[in-house]
**Q** 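Pasting a structure below so you can have a look.
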Amino acid sequence: KAGVTQTPRYLIKTRGQQVTLSCSPISGHRSVSWYQQTPGQGLQFLFEYFSETQRNKGNFPGRFSGRQFSNSRSEMNVSTLELGDSALYLCASSDGLATETQYFGPGTRLLVL
Amino acid sequence: AQSVTQLDSQVPVFEEAPVELRCNYSSSVSVYLFWYVQYPNQGLQLLLKYLSGSTLVESINGFEAEFNKSQTSFHLRKPSVHISDTAEYFCAVSDSTGFQKLVFGTGTRLLVSP
């Protein structure tokens, strides 16, 4: 099976702009989770979608949002970008149960200038 | 809520030496425990996980970890490391009563030198 893919891999934006990142899960997986990785805060959970419904949410401001489509592909959007949003954004897919392994994509590296 | 502490930010070792990466967790409910590895410019890969049963779990590439409930620890060990094991290692927990939300430690960078 093909792994988790994320597009784009690299992105440069300026403060105030918005950005949309895409994640295609492993075929058959219905759960997609998003994580933010920064040197200062480490890996932090953003949110999880399962069958097009947000099932879990981390402690991020409302500028961070996401959605999932009927084919399980997911997008996350960050509006009004701030310098501190510069990070590696990782998505992970799984069957959806807590016991199931989450398979991570390579990430999208976002730089906000 | 859960939290994970990885006490060592960086562990330098020589090739073929043993290594232990420490992980302690805190949780008011039962948890599942994971070790992930991240190579430069890549995503995370699962090394091993503890769900239930035997407290000693092993990976296919020689790593093992032991769940110790009384000490709330899940240390990762390897008896003989290789240069290729150089990477960042993350310990993580998830709530066994809920769904998919991993809480990660801050990571330990393993540096293997010849």
Side-chain angles (χ1 to χ4, degrees), chain A residues 3-7 9-10 21 23-26 29-51 53-60 66 68 72 74 87-109, chain B residues 1-10 21 23 25 27 29-54 57-60 63 65 67 87-109:
Chain A
V4 178
T5 58
Q6 292 186 246
T7 56
R9 291 292 311 277
Y10 303 92
L21 312 182
C23 173
S24 293
I26 291 171
H29 284 180
R30 291 189 294 167
S31 169
V32 174
S33 299
W34 289 89
Y35 294 84
Q36 182 196 64
Q37 185 176 23
T38 60
Q41 299 298 317
L43 279 154
Q44 293 185 286
F45 173 79
L46 280 155
F47 31 64
E48 185 223 354
Y49 286 87
F50 181 82
S51 293
T53 300
Q54 187 180 85
R55 195 163 64 168
N56 222 333
K57 191 177 189 302
N59 296 323
F60 278 82
Q68 187 179 34
S72 292
S74 177
L88 180 67
Y89 291 88
L90 294 163
C91 84
S93 78
S94 80
D95 289 337
L97 296 176
T99 54
E100 296 299 321
T101 298
Q102 290 189 48
Y103 295 89
F104 283 80
T108 294
R109 188 165 296 280
Chain B
Q2 295 87 42
S3 67
V4 178
T5 302
Q6 291 184 248
L7 296 168
D8 306 300
S9 60
Q10 190 165 293
L21 306 183
C23 171
Y25 70 93
S27 177
V29 299
S30 296
V31 296
Y32 298 135
L33 294 153
F34 307 81
W35 275 100
Y36 279 85
V37 59
Q38 186 176 36
Y39 298 101
N41 299 315
Q42 293 187 28
L44 300 167
Q45 300 173 30
L46 179 71
L47 260 184
L48 44 77
K49 63 182 179 182
Y50 172 78
L51 303 178
S52 64
S54 173
V57 290
E58 299 176 350
S59 72
I60 58 173
F63 283 94
F67 169 58
E88 187 133 24
Y89 293 78
F90 293 93
C91 181
V93 301
S94 70
D95 181 350
S96 66
T97 63
F99 302 109
Q100 301 259 284
K101 175 184 175 181
L102 291 170
V103 175
F104 286 91
T106 50
T108 297
R109 186 171 299 277

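A quick note: this is a predicted structure, and the numbers were derived from the prediction, not measured. Chain letters run A, B, ... following the sequence lines, proteins first and then strands; every chain starts at 1. Computation of the quantities below employed the complete heavy-atom set of this structure, encompassing side-chain atoms and omitting hydrogens, waters and symmetry-equivalent molecules.
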**Q** By a 4.5 Å heavy-atom criterion (distance strictly below it), what part of A:Gln44 contacts chain B: side chain, backbone, both, or neither?
**A** neither
**Q** Just give me the residue among A:Gly107, A:Ser94, A:Gly58, A:Gly42 that pairs up with chain B most often, heavy atom to heavy atom, under 4.5 Å.
**A** A:Ser94
**Q** Identify which part of A:Tyr103 has an atom lying under 4.5 Å from any heavy atom of chain B, answering side chain, backbone, both or neither.
**A** neither
**Q** Quick check on B:Leu44 against chain A: is it the side chain, the backbone, both or neither that has a heavy atom closer than 4.5 Å?
**A** both
**Q** To the closest 0.5 Å, what do you measure between OH (B:Tyr36) and CZ (A:Phe104)?
**A** 5.0 Å
**Q** Select one option (side chain, backbone, both, neither) describing which atoms of A:Leu90 are under 4.5 Å from chain B's heavy atoms.
**A** side chain
**Q** For A:Ser33, is it the side chain, the backbone, both or neither that has a heavy atom under 4.5 Å from a heavy atom of chain B?
**A** side chain
**Q** Checking B:Thr106 against chain A: side chain, backbone, both or neither under 4.5 Å from a heavy atom?
**A** neither
**Q** Using heavy-atom distances under 4.5 Å, tell me whether B:Leu51 contacts chain A through its side chain, its backbone, both, or neither.
**A** side chain
**Q** Supply the atom-to-atom distance A:Leu43 CG to B:Glu88 CD, rounded to the nearest 0.5 angstrom.
**A** 8.5 Å
**Q** So for A:Thr99, is it side chain, backbone, both, or neither that comes closer than 4.5 Å to the heavy atoms of chain B?
**A** both
**Q** Hey, could you give me the CD/CZ distance between A:Gln41 and B:Phe104, rounded to the nearest 0.5 Å?
**A** 15.0 Å
**Q** Counting heavy-atom pairs closer than 4.5 Å to chain A, which one of B:Lys49, B:Lys101, B:Gln38, B:Gln42 comes out on top?
**A** B:Lys101
**Q** In Å, rounded to the nearest 0.5 Å, how long is the span from CZ of B:Phe34 to CD of A:Gln102?
**A** 7.5 Å
**Q** Of all the heavy-atom pairs spanning B:Ser94 and A:Ala98, show the shortest one and how long it is.
**A** OG-O, 4.1 Å
